[in-house]
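What follows is a set of notes on a single structure, which appears directly below.
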Amino acid sequence: MNVFTVIRKQVIDAIEAEVADGGLPADLKLDAITAELPRDASHGDVSTNAAMVLAKPAKMKPRDVAEKIVARVSYADGIISADIAGPGFVNLRLEPSMWQSVVSDVLNLGVTYGDSELGGQTPVNVEYVSANPTGPLHVGHARGAVFGDALAALLAKAGYAVTKEFYVNDAGAQVESLARAMHFRYLEALGKKSAEDFATAAEAGEVEYAGDYLKDAAGVLASRDGDKWAGLSEDEWLVPLRNFSIASMLDMIREDLAALGIAHDVFTSERALVDAGQVDRAIADLEKDGLVYTGTLAPPKGKKPDDWEPRPQLLFKASEFGDDIDRPFKKSDGSWTYFASDVAYHRDKFDRGFAEMIDVWGADHGGYVKRMQAGVKALSSDKGALDVKICQLVKLFDNGEPVTMSKRAGKFVTLRDLIDAVGKDVVRFIMLTRKNDAPLDFDFAKVTEKSRDNPVFYVQYAHARIHSVFRHAAEVLPGQDLSDDALATADLSLCSDSDELAMMRSISLWPRTIDAAAVAHEPHRIAFYLYDLAAQLHALWNRGNDDAEMRFLLPDQPERSLARLALVRSVAVVIASGLDVFGVKPLKEMR
RNA sequence: GGACCCGUAGCUCAACUGGAUAGAGCACUCGCCUUCUAAGCGAGAUGUUGCAGGUUCGAGUCCUGCCGGGUCCGCCA
């Protein structure tokens, strides 16, 4: 049960009863009516905008509508009083039991409290990471990885049937460069080339992917195949070594992801799509719809490439679907562009039953969003929807000092470095403390600091404190059953302090926080919610320092203690539930 | 030149997607530990929400135009 939906229902019942009696016109649209916690507690428990929303269509003054609502809703179950405020808000004061009952709901449901039916098990495909299989994951990938994973968990909690997908870009020229670098490392492993040779070649730009990470894989290849590939021409070794390289890089990426607690459901290979003729088919279908033609693009204004020359190309009418210009499907050599195979890939997702798709991309792909959405509209006859979440850059600091990384030297801060430095859970939580489209500062010193301005610590500390209470409770209340089932039957009417009721209100916001975050595709809202919840818990805790009567454990008042234990236990459950969406383990102890 | 993102307190960020007097942390001052973790809590004040218009009962939020910052801009994925 959700307090807000219950109250909203009662407001709507009141309006419908009034309509039936002729006090309000029929056919009013009730969708925009809300029931929410007012920002200011003096405005009551729940506030509704119904009168203001209905005033215009009903051709009445907001306050007149409000009076009609108040007259009826005042007598509804659980409502003590209703009054009109400001421009026409109806403020409701609820029976404390309305909030108190939330506690037992939470204890009965456990971490499934907050699960919703919002999604109706609609299939949603969340594609994230999708890093090129050419090296280990780095910091930039970490944010998209965590974001996508948390978004997937969030949508699952909100009742969607989520598939987590990784798109493997294994068809372009970059994997051939990878194969060449692998071959070089392989010769090095056999002792036929030296590290100096490699450095020279890398310096001259003859070998890309100069990082050391290929060495291990090359060693594996050398011990498996001996010098089998050493005397052959590139034509002979390129394909097998390419396949070997991709496979070993993917293994490495999967291990990196596993270290972050991430496991995708589906890996889709670009090359497999191309080989299966899916690109040809997808483009042919668009051609049938008259959306493909051969033409010449105008050069970009203002910043013209030096080697610009007009060329006729196979183009997609992206501009008919909201993009700025039409986009090329074929390169001048006649091969497909990356965009063409990406269209085929999204067509493939759509055909697999995903009308709702979410792609998580890095900041440098911002300019690609419109064309991909245009592509999805075209290939799905406007039945598919693609939301693209762009994750902005992560700026690394150590105690306020920027951490520089040079990708050139093959030395960038890897995902592993991050995890080794601060731990998986800290990485995950911090990456979710900002909106995806805002840049994020990640300070190695700060994220491990034990203070209020480190949100991970602060939330975990609240959880640990609650567990600490329970460790003591066993001594203070010997023989009491402190299980969730038992606490769910505690007499919560003994928790009637205004701070305790406020705590319950916050707990009751959890389901709607989930829904709102899921609809907006914004997992970061959970981080802020948890932070606020933790702050309230810490505040309530400290009430006990000032006033012994407010301590959770009162040896001479077992009933009241049990009620308070039920309350704080439900806070712990909600925190655990939120951290669960983030893939973070709640801590029972911080010492 | 164009497209996309961002612009809120000295700094870092919120604001329940159009609601009431725009809120937190940091920094600064003062106060709170014989008892559940003081790694915490309480009190104290800061704003022309970049600027100018528009839409309506009501705008930080939506629309238009400027200003400033970032990212990107045919055959790289």
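Lettering follows sequence order; numbering is per chain, from 1.
- A cation-pi arrangement is absent between A:Lys389 and A:Trp361 under the rule of less than 6.0 angstrom and at most 45 degrees off the ring axis.
- Going from atom NE2 of A:His521 over to atom C1' of B:C5 covers 19 Å, rounded to whole Å.
- Atom CG in A:Asp515 sits about 14 Å away from atom C1' in B:U17, given to the nearest Å.
- Both A:Ala464 and A:Ala535 sit near RNA chain B, but only A:Ala464 has its closest nucleotide nearer the 5' end.
- You'll find a donor-acceptor pair under 3.5 Å spanning the side chain of A:Ser47 and the base of B:A20, going by distance alone.
- Atom P of nucleotide B:C72 and atom CZ of A:Phe339 are separated by 20 Å, given to the nearest angstrom.
- For a distance-only test at 3.5 Å, the side chain of A:Arg311 qualifies as a donor-acceptor partner of the base of B:C75.
- As the counterpart of B:G53, B:C63 is assigned, both hydrogen-bonding distances of the Watson-Crick or G-U wobble pattern falling under 3.5 Å.
- The base-pairing partner of B:U48, taking Watson-Crick or G-U wobble contacts with both distances under 3.5 Å, does not exist among the strands shown.
- The residue among A:Ala363 and A:Asn91 whose nearest nucleotide of RNA chain B is located toward the 5' end is A:Asn91.
- Among the atoms of the strands shown, none is found under 4.0 Å from any heavy atom of A:Pro62.
- The distance from atom OH of A:Tyr458 to atom C1' of B:G40 is 8 Å, rounded to the nearest whole Å.
- At the phosphate of B:C75, neither OP1 nor OP2 sits under 4.0 Å from any side-chain N or O atom of A:Trp336.
- Using a 4.0 Å cut-off, some side-chain N or O of A:Arg452 falls inside it from OP1 or OP2 of B:C41.
- The separation between A:Asn436 atom CG and B:C6 atom C1' is 12 Å, rounded to whole Å.
- For B:G42, the base has no donor-acceptor partner in the side chain of A:Asn542 [N/O atoms by modelled type, under 3.5 angstrom].
- Base pairing annotation: B:G1 forms a Watson-Crick or G-U wobble pair with B:C73, both donor-acceptor distances under 3.5 Å.
- Contact annotation for A:Gly366: no contact, since no heavy-atom pair falls under 4.0 Å across all strands.
- Between A:Lys435 and B:C13 there is no side-chain polar atom (N or O) within less than 4.0 angstrom of OP1 or OP2.
- Distance A:His524 NE2 to B:C6 C1': 14 Å, rounded to the nearest Å.
- Nucleotide B:C36 forms no Watson-Crick or G-U wobble pair with any nucleotide shown, as no partner meets the under 3.5 Å limit on both distances.
- Taking the side chain as every heavy atom from C-beta outward, A:Ile15 and A:Ile33 approach each other to under 4.5 Å.
- The partner of B:C26, taking Watson-Crick or G-U wobble pairs whose two distances both stay under 3.5 Å, is B:G10.
- Distances shown here put a side-chain N or O of A:Arg465 below 4.0 Å from the OP1 or OP2 atom of B:A38.
- Listed pair A:Lys370 / B:C4 meets the phosphate criterion, a side-chain N or O lying under 4.0 Å from OP1 or OP2.
- Between the CZ atom of A:Arg327 and the P atom of B:C4 there is a distance of 11 Å, given to the nearest Å.
- Across all strands shown, the partner of B:G31 is B:C41, judged by Watson-Crick or G-U wobble contacts whose two distances both fall under 3.5 Å.
- Residue A:Leu553 is in base contact, counting any heavy-atom pair closer than 4.0 Å across all strands shown.
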